[in-house]
Engineer: 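Here's a structure for you.
Remember, it's a predicted structure, so these values are computed and weren't measured experimentally. Each residue takes its place number in the sequence, starting with 1.
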Amino acid sequence: MSKIIFMDIDGTLLDHIRYHRVLDSTIEAIQKARANGHKIILCTGRSKSNVLEGMIPFESDGQIYGAGAMLETKNKLLYHICIPEDDLKLLIDDFTTYHFGFKLEGEEESFADSFVFKRRNMVKKITGVLSSEALFSMNEFHLEKAHISKATLYYQSKEDLKAFQEKWKSKYTCIEHGKKDYDTHFMCELLINHVNKTSGIKKMLEYFNMKQEDTIAFGDSMNDLDMLLFANIGICMENGADQLKKAADMICGPSYEDSIYDMFQQLKLI
């Protein structure tokens with residue numbers, strides 16, 4: 001029976017620990033699985049504008065961008081939701097009020113404040129790798145043209161984030177990722193309420209006329225939690241968040257080894 005496999009990009013398909021690319025064995029596994037009649041769906045928190053050319057060196061059957069905010073299959077747009085302009089203007093003001101660094105992510109372009117650009121340069125100095133994102137300065141941001149689907153926030157005070165969440169909880173959800181090893185800031189993703197990877201998966205299942213029992217999901221971070229809980233088989237990478245591992249049905253090896261290929265074999269997808 002054909003399965004539909006939802007795969008996160010960063011930390012799952014795309015290794016950020018050793019190789020900073022999709023492994024050849026992963027590409028081979030995906031190509032073999034598709035040849036066997038299974039469907040591969042990219043399911044990423046990245047907006048479409050930040051899935052750069054050449055980043056994903058294989059064909060997939062569909063894409064879920066922005067953690068559920070935009071869905072495509074074979075260049076056909078299935079769904080797209082954006083933050084309303086009136087909200088976005090107020091949100092940007094509040095990002096400053098609550099001392100957040102921020103990145104606004106859209107279908108065609110993404111924009112960041114000065115903190116995010118400084119952070120990118122710092123990470124490059126530490127890792128030797130420039131973050132793979134297509135970012136523009138807020139000086140180039142035009143509210144009426146941006147079509148922003150989500151935001152990423154960087155913050156030091158959990159009290160500030162809690163106050164911000166309380167103010168906006170009727171419309172938006174923050175998914176916290178925790179503190180990064182190479183800086184002093186926490187990170188979270190700001191999503192429109194009821195828009196998440198699972199909402200995108202449900203729409204894909206309807207489009208392909210498939211069922212929840214046909215689903216397998218691979219992820220590594222906390223924005224993958226809902227989809228791993230929803231999928232018939234939820235799989236966390238060994239390099240993933242500890243909380244996510246506890247929720248997963250299975251643990252895959254790390255992103256820098258032939259782990260996805262091995263797991264596809266174990267699941268008899270190839």
Engineer: Take atom CD of Gln212 as the centre, draw a 6.0 Å sphere, and report whether it contains more than 12 heavy atoms from other residues, nucleotides or ligands.
Structural biologist: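 Atom CD in Gln212 is packed in, count exceeds 12.
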
Engineer: Indicate whether the side chain of His80 and that of Ser149 have a donor and an acceptor atom separated by less than 3.5 Å.
Structural biologist: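 Ser149 and His80 do have a side-chain donor-acceptor pair below 3.5 Å.
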
Engineer: Counting N and O atoms only, with roles assigned by atom type, does the side chain of Thr215 sit under 3.5 Å from a partner on the main chain of Ala231, one being a donor and the other an acceptor?
Structural biologist: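 No, because the side chain of Thr215 does not come within donor-acceptor range (under 3.5 Å) of the backbone of Ala231.
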
Engineer: Where do Lys169 and Glu166 land on the salt bridge (Lys or Arg N to Asp or Glu O under 4.0 Å) test, with the steps shown first?
Structural biologist: CA-CA 5 Å; Lys169 66 182 180 181; Glu166 182 64 26; 2.9 Å; yes

Engineer: Where do Ile41 and Asp61 land on the side chain to side chain contact (heavy atoms under 4.5 Å, CB included) test, with the steps shown first?
Structural biologist: CA-CA 6 Å; Ile41 309 295; Asp61 298 284; 4.1 Å; yes

Engineer: Using a 4.5 Å cut-off on heavy atoms from C-beta on, say whether the side chain of Lys202 contacts that of Phe230.
Structural biologist: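 In contact.
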
Engineer: Judged by atom type as modelled, is there a donor-acceptor pair below 3.5 Å linking the side chain of Asp220 to the main-chain atoms of Met237?
Structural biologist: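 Judged by distance alone, no pair lies under 3.5 Å.
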
Engineer: Less than 6.0 angstrom separating the ring centers of Phe100 and Phe164, yes or no?
Structural biologist: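 Phe100 vs Phe164: aromatic centres under 6.0 Å.
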
Engineer: For residues 136-146, which side-chain donor-acceptor pairs fall under 3.5 Å, sequence neighbours excluded?
Structural biologist:
from   : atom 1 : to     : atom 2 : distance (Å)
Ser137 : OG     : Asn139 : N      : 3.0
Ser137 : OG     : Asn139 : ND2    : 3.4

Engineer: Hey, is CG on Asp93 packed in by over 12 heavy atoms from elsewhere, all under 6.0 Å?
Structural biologist: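 Counting neighbours around CG of Asp93, more than 12 heavy atoms of other residues, nucleotides or ligands fall under 6.0 Å, so yes.
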
Engineer: Is it the case that the side chain of Thr152 and the backbone of Lys103 share a donor-acceptor pair, with hydrogens and angles ignored and the cut-off at 3.5 Å?
Structural biologist: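 No; judged by distance alone, with no hydrogens or angles, the pair does not exist.
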
Engineer: Hey, mind stepping through Ile30 and Val22 against side chain to side chain contact (heavy atoms under 4.5 Å, CB included) and telling me if it holds?
Structural biologist: CA-CA 11 Å; Ile30 286 170; Val22 180; 5.9 Å; no

Engineer: Which one of Tyr155, Tyr154, Phe95 satisfies the ring pair (Phe, Tyr, Trp, His ring centres under 6.0 Å) criterion with Phe115?
Structural biologist: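 With Phe115 as partner, ring pair (Phe, Tyr, Trp, His ring centres under 6.0 Å) holds for just one option, Tyr154.
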
Engineer: How long is the straight-line distance from CZ of Arg34 back to CG of Leu269, given to the nearest 0.5 Å?
Structural biologist: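 CZ of Arg34 is found 13.5 Å from CG of Leu269.
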
Engineer: Should Tyr207 and Leu71 be counted in the same cluster of Ile, Leu, Val, Met, Phe, Trp and Tyr side chains packed under 4.5 Å apart?
Structural biologist: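 Yes.
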
Engineer: What distance do Ser255 atom OG and Ile17 atom CD1 have between them, rounded to the nearest 0.5 Å?
Structural biologist: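 The CD1 atom of Ile17 is 4.0 Å from OG of Ser255, to the nearest 0.5 Å.
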
Engineer: Hey, could you give me the OG1/CG distance between Thr44 and Asn50, rounded to the nearest 0.5 Å?
Structural biologist: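 That separation rounds to 9.0 Å.
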
Engineer: Which atom names give the shortest non-hydrogen contact between Ile64 and Gly200, and what distance separates them?
Structural biologist: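 Shortest heavy-atom separation between Ile64 and Gly200 comes out as CD1-C, 3.6 Å.
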
Engineer: Please report the closest heavy-atom contact between Cys188 and Glu176, naming both atoms and the distance.
Structural biologist: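 Closest approach of Cys188 to Glu176: CB-CA, 3.8 Å.
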
Engineer: Could you tell me if the ring centre of Phe264 sits under 6.0 Å from that of His38?
Structural biologist: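 Between His38 and Phe264, which both carry aromatic rings, the centre distance is not below 6.0 Å.
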
Engineer: Taking all non-hydrogen atoms of both residues, which atom of Ser25 and which atom of Asp258 are closest, and how far apart?
Structural biologist: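 Shortest heavy-atom contact: OG-OD1, 2.7 Å.
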
Engineer: Tell me, with the steps shown, if Gln265 and Asp262 meet side chain to side chain contact (heavy atoms under 4.5 Å, CB included).
Structural biologist: CA-CA 5 Å; Gln265 285 190 317; Asp262 293 342; 4.2 Å; yes

Engineer: Using a strict cut-off of less than 4.0 Å between a Lys/Arg side-chain nitrogen and an Asp/Glu carboxylate oxygen, indicate whether Glu206 and Lys203 qualify as a salt bridge.
Structural biologist: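 Lys203 and Glu206: not salt-bridged.
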
Engineer: Quick one, Trp168 and Asp87 - any side-chain contact, counting heavy atoms below 4.5 Å?
Structural biologist: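 Of all side-chain heavy-atom pairs linking Asp87 with Trp168, at least one is under 4.5 Å.
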
Engineer: Indicate the atoms forming the closest heavy-atom contact of Tyr19 with Tyr256, along with that distance.
Structural biologist: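 Minimum heavy-atom separation between Tyr19 and Tyr256: CE1-O, 3.2 Å.
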
Engineer: Any donor and acceptor pair, going by atom type alone, linking the side chain of Asp214 with main-chain N or O of Ile4 inside 3.5 Å?
Structural biologist: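 Here the side-chain-to-backbone pair does not exist.
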
Engineer: Okay, side chain of Asp226, backbone of Leu229: is any donor-acceptor separation there less than 3.5 Å?
Structural biologist: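 A pair under 3.5 Å: no.
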
Engineer: Main chain of Cys43, side chain of Lys197: is a donor-acceptor contact present, judged purely on distance under 3.5 Å?
Structural biologist: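 The answer is yes, because a donor-acceptor pair under 3.5 Å joins these two groups.
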
Engineer: Taking Asn193 for the side chain and Thr173 for the main chain, is one N or O donor matched with an acceptor at less than 3.5 Å?
Structural biologist: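 Yes, because the side chain of Asn193 sits within donor-acceptor range (under 3.5 Å) of the backbone of Thr173.
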
Engineer: Between Tyr65 and Glu107, does a side chain to side chain contact (heavy atoms under 4.5 Å, CB included) hold up when you go through it step by step?
Structural biologist: CA-CA 9 Å; Tyr65 299 112; Glu107 175 188 353; over 6 Å; no

Engineer: Should Tyr172 and Ile192 count as side-chain neighbours, where that means a heavy-atom distance under 4.5 Å?
Structural biologist: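 Yes. Closest side-chain heavy atoms under 4.5 Å.
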
Engineer: Can you find a pair of side-chain heavy atoms, one from Met227 and one from Asp8, that are under 4.5 Å apart?
Structural biologist: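 A side-chain contact under 4.5 Å exists here.
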
Engineer: Once rounded to the nearest 0.5 Å, what's the spacing between atom CE of Met263 and atom CD1 of Ile270?
Structural biologist: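 If we round to the nearest 0.5 Å, Met263:CE and Ile270:CD1 are 11.5 Å apart.
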
Engineer: Under 3.5 Å, side chain of Lys39 to main-chain N/O of Gly62, donor-acceptor pair present?
Structural biologist: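 It does not hold such a pair.
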
Engineer: Over all heavy atoms of both residues, which pair between Ala247 and Leu225 is shortest? Give the atoms and the distance, please.
Structural biologist: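 In this case the closest contact between Ala247 and Leu225 is CB-CD1, 3.6 Å.
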
Engineer: Which heavy atom in Val51 sits nearest to a heavy atom in Arg46, and how many Å separate them?
Structural biologist: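 Looks like CG2-CB, 4.0 Å.
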
Engineer: Using the rule that Ile, Leu, Val, Met, Phe, Trp and Tyr join whenever any side-chain heavy atoms are under 4.5 Å apart, tell me whether Ile251 and Met222 fall into a single cluster.
Structural biologist: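 Ile251 and Met222: separate clusters.
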
Engineer: Is any side-chain heavy atom of Pro57 closer than 4.5 Å to one of Ile27?
Structural biologist: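 Side-chain contact under 4.5 Å: yes.
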
Engineer: When you compare the side chain of Ile83 with that of Leu104, does any pair of heavy atoms fall below 4.5 Å?
Structural biologist: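 With C-beta onward as the side chain, the pair stays apart.
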
Engineer: Quick one: pull up CE in Met1 and CD in Glu213 and give me the separation to the nearest 0.5 Å.
Structural biologist: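 Between Met1 CE and Glu213 CD, I get 6.0 Å after rounding to 0.5 Å.
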
Engineer: Less than 4.5 Å apart, any side-chain heavy atom of Arg119 and any of His185?
Structural biologist: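 No. Closest side-chain heavy atoms not under 4.5 Å.
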
Engineer: Between the side chain of Asp94 and the main-chain N/O of Thr97, is any donor-acceptor distance below 3.5 Å?
Structural biologist: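 No: the side chain of Asp94 does not pair with the backbone of Thr97.
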
Engineer: Return yes if some donor-acceptor pair links the side-chain N/O of Asn239 with the main-chain N/O of Pro254 below 3.5 Å, else return no.
Structural biologist: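 Flag not set: sc Asn239 to bb Pro254 has no pair under 3.5 Å.
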
Engineer: Calculate, to the nearest 0.5 Å, the distance between atoms CD1 and CG belonging to Ile260 and Leu13 respectively.
Structural biologist: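 Between Ile260 CD1 and Leu13 CG, I get 5.0 Å after rounding to 0.5 Å.
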
Engineer: Please test Ser110 against Ser49 for side chain to side chain donor-acceptor pair (under 3.5 Å), starting from the C-alpha separation and ending with a verdict.
Structural biologist: CA-CA 7 Å; Ser110 293; Ser49 62; 3.0 Å; yes

Engineer: Taking the side chain as C-beta and beyond, is there a heavy-atom pair between Glu257 and Leu23 under 4.5 Å?
Structural biologist: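 No, too far: nothing below the 4.5 Å cut-off.
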
